[in-house]
Amino acid sequence: AWIGEHHFNSLGVLSCPDLVLATLAARSKRIRLAPAVTVLPLHNPIRVAEQWATLDLLSNGRVDWAAGRGYDRREYEPFHVSFDDNQVIFEEGMEVVQMLWRAGGERVSHRGKYYQFEDVRITPQPIQKPIPSYIGSFSKPSIELAARLGCGLVVAPFAAAMTFGGLRQVADLYHETCARHGTKPGPLMKI
């Protein structure tokens with residue numbers, strides 16, 4: 001179940017996919033649970049790491065987590081987050097979430113441009129080590145970030161066609177960037 005996050009519009013999606021997926025987790029045993037996607041710059045990455053680790057625990061390890069930076073400036077303004085800076089905010093947020101999950105319950109610190117904290121550990125820890133992570137992308141920088149962090153990639157075919165010429169070109173860029181960073185390519189999902 002891939003459930004999108006949107007705010008302040010009528011696209012037929014929800015502002016809180018984590019709550020809907022938690023309800024599905026309680027009523028199912030096998031279905032994989034994923035946001036499509038968490039608009040990460042609109043959230044504190046520590047809280048995101050905690051929420052999805054908790055859902056992974058409650059679902060007995062059935063979370064596939066996906067994040068993106070979003071595409072609608074109108075969703076950013078009420079949260080007082082800079083849409084113009086969303087790529088760098090997104091990159092730092094992804095690094096923080098991944099660092100907290102990889103820490104395995106150990107305390108970590110971070111001194112970034114947008115997020116700073118000392119001596120933090122998330123509890124509970126996720127069951128999956130690591131939680132399968134994806135980056136939703138309409139842009140080259142996000143595809144490159146997925147490759148650098150070893151995340152899978154979620155792409156909308158229409159966006160791939162408009163921006164890159166097609167899914168094959170997106171896959172080629174992703175695999176080339178993985179090779180350049182020495183990371184193993186993850187799954188490529190189309191939504």
Student: Looking at every heavy atom in both Ala1 and Leu24, which two are closest together, and how far apart are they?
Tutor: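 Closest approach of Ala1 to Leu24, heavy atoms only: CB-CD1, 4.0 Å.
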Student: Keeping the roles fixed (side chain from Thr23, backbone from Leu19), state whether a donor-acceptor pair exists under 3.5 Å.
Tutor: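 Checking the backbone N and O of Leu19 against the side chain of Thr23, a donor-acceptor pair under 3.5 Å is found.
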Student: Give a yes or no on this: more than 12 heavy atoms of other residues, nucleotides or ligands lie within 6.0 Å of atom NZ of Lys140.
Tutor: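 No - once you tally the heavy atoms of other residues, nucleotides and ligands closer than 6.0 Å, there are 12 at most.
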Student: State whether the side chain of Ser59 and the backbone N or O of Asp56 hold a donor-acceptor pair below 3.5 Å, judged by distance alone.
Tutor: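 The answer is yes, because a donor-acceptor pair under 3.5 Å joins these two groups.
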Student: Quick check against the 3.5 Å criterion: does Glu75 have a side-chain atom that pairs as donor or acceptor with the backbone of Phe8?
Tutor: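 Not a single qualifying donor-acceptor pair exists.
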Student: Any sub-3.5 Å donor-acceptor pair from Trp101's side-chain atoms to Lys129's backbone N or O?
Tutor: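 No, the answer is negative, given that no donor and acceptor are paired below the 3.5 Å cut-off.
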Student: Rounded to the nearest 0.5 Å, what's the gap from CE on Met94 to CZ on Arg148? Could you check?
Tutor: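 Here the rounded value is 9.5 Å.
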Student: Indicate the atoms forming the closest heavy-atom contact of Gly136 with Ser142, along with that distance.
Tutor: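 For Gly136 versus Ser142, the nearest heavy atoms are O-CB, 4.5 Å.
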Student: Please determine, by modelled atom types, if Ser28 and Arg62 share a side-chain donor-acceptor pair under 3.5 angstrom.
Tutor: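 Side-chain D/A pair, Ser28 to Arg62: present.
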Student: Ignoring hydrogens, what is the shortest heavy-atom contact between Ser137 and Ile143? Give both atom names and the distance.
Tutor: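 Smallest interatomic distance, heavy atoms only, reads OG-CG1, 3.2 Å.
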Student: Under 3.5 Å, is there a donor-acceptor pair between the side chain of Thr163 and the main chain of Ala161?
Tutor: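 Not at all, since once roles are kept as given, no pair shorter than 3.5 Å links the two residues.
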Student: State whether the number of non-hydrogen atoms from other residues, nucleotides or ligands found under 6.0 Å of Arg74 atom CZ is greater than 12.
Tutor: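 No, not enclosed.
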Student: Pick out which of Glu92, Gln116, Glu118 makes a side chain to side chain donor-acceptor pair (under 3.5 Å) with His110.
Tutor: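 Among the candidates, only Glu92 passes.
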Student: Looking only at the side chains, is there a donor atom on one of Ser15 and Glu5 sitting less than 3.5 Å from an acceptor on the other?
Tutor: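 No pair is found: no donor N or O on one side chain lies under 3.5 Å from an acceptor on the other.
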Student: Can you name the nearest heavy-atom pair linking Cys151 to Tyr174, along with the distance?
Tutor: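 Of all heavy-atom pairs spanning Cys151 and Tyr174, the closest is O-OH, 2.6 Å.
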Student: Once rounded to the nearest 0.5 Å, what's the spacing between atom CG of Leu145 and atom CD of Glu95?
Tutor: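 Those atoms lie 7.0 Å apart.
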Student: Would you say that Val170 contacts Leu153 through its side chain, given a criterion of any heavy-atom pair below 4.5 Å between the two side chains?
Tutor: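 Yes, close enough: below the 4.5 Å cut-off.
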Student: Mind checking whether Phe90 and Val39 have side chains closer than 4.5 Å, heavy atoms only?
Tutor: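 The answer is no, as the side chains (C-beta and beyond) never meet within the 4.5 Å cut-off.
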Student: Using every non-hydrogen atom in the two residues, find where Asn86 and Pro41 come nearest and quote the distance to one decimal.
Tutor: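 So the minimum-distance heavy-atom pair works out to O-CG, 3.9 Å.
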Student: When you measure from the side chain of Glu106 to the backbone of Ala103, do you find a donor-acceptor pair of N or O atoms at a distance under 3.5 Å?
Tutor: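 The answer is no, because no donor-acceptor pair under 3.5 Å joins these two groups.
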Student: Is the closest side-chain heavy-atom distance between Arg69 and Tyr76 below 4.5 Å?
Tutor: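 The answer is yes; the side chains approach within 4.5 Å.
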Student: Rounded to the nearest 0.5 Å, how far does CD of Glu50 lie from OG1 of Thr123?
Tutor: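 So the gap between those two atoms works out to 6.5 Å.
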Student: Has Ser109 got a side-chain atom pairing as donor or acceptor with Asp119's backbone, closer than 3.5 angstrom?
Tutor: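 Confirmed, Ser109 side chain pairs with Asp119 backbone.
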Student: Val154 vs Ile135, test: side chain to side chain contact (heavy atoms under 4.5 Å, CB included). Steps then yes/no.
Tutor: CA-CA 6 Å; Val154 178; Ile135 290 180; over 6 Å; no
Student: Do Phe79 and His43 have ring centroids that are under 6.0 Å from one another?
Tutor: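 Centroid distance His43-Phe79: not below 6.0 Å, so no.
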Student: Is there a donor-acceptor pair closer than 3.5 Å between any side-chain N or O of Thr177 and the backbone N or O of Glu144?
Tutor: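 Not at all, since once roles are kept as given, no pair shorter than 3.5 Å links the two residues.
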Student: Other than Leu58, what residues sit in its cluster of Ile, Leu, Val, Met, Phe, Trp and Tyr side chains whose heavy atoms are under 4.5 Å apart, directly or through others?
Tutor: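 Reading the cluster by chain and number, Leu58 sits alone, since nothing else belongs.
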Student: Atom CG of Asp18 and atom CD of Gln51: how far apart are they, to the nearest 0.5 Å?
Tutor: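 Going from the CG atom of Asp18 to the CD atom of Gln51 covers 4.5 Å.
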Student: Taking atom CZ of Arg107 as the centre, report whether more than 12 heavy atoms of other residues, nucleotides or ligands fall under 6.0 Å from it.
Tutor: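 Counting neighbours around CZ of Arg107, more than 12 heavy atoms of other residues, nucleotides or ligands fall under 6.0 Å, so yes.
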Student: How far apart are the closest heavy atoms of Val63 and Pro132, and which atoms are they?
Tutor: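 Nearest heavy atoms, Val63 then Pro132: O-CD, 3.4 Å.
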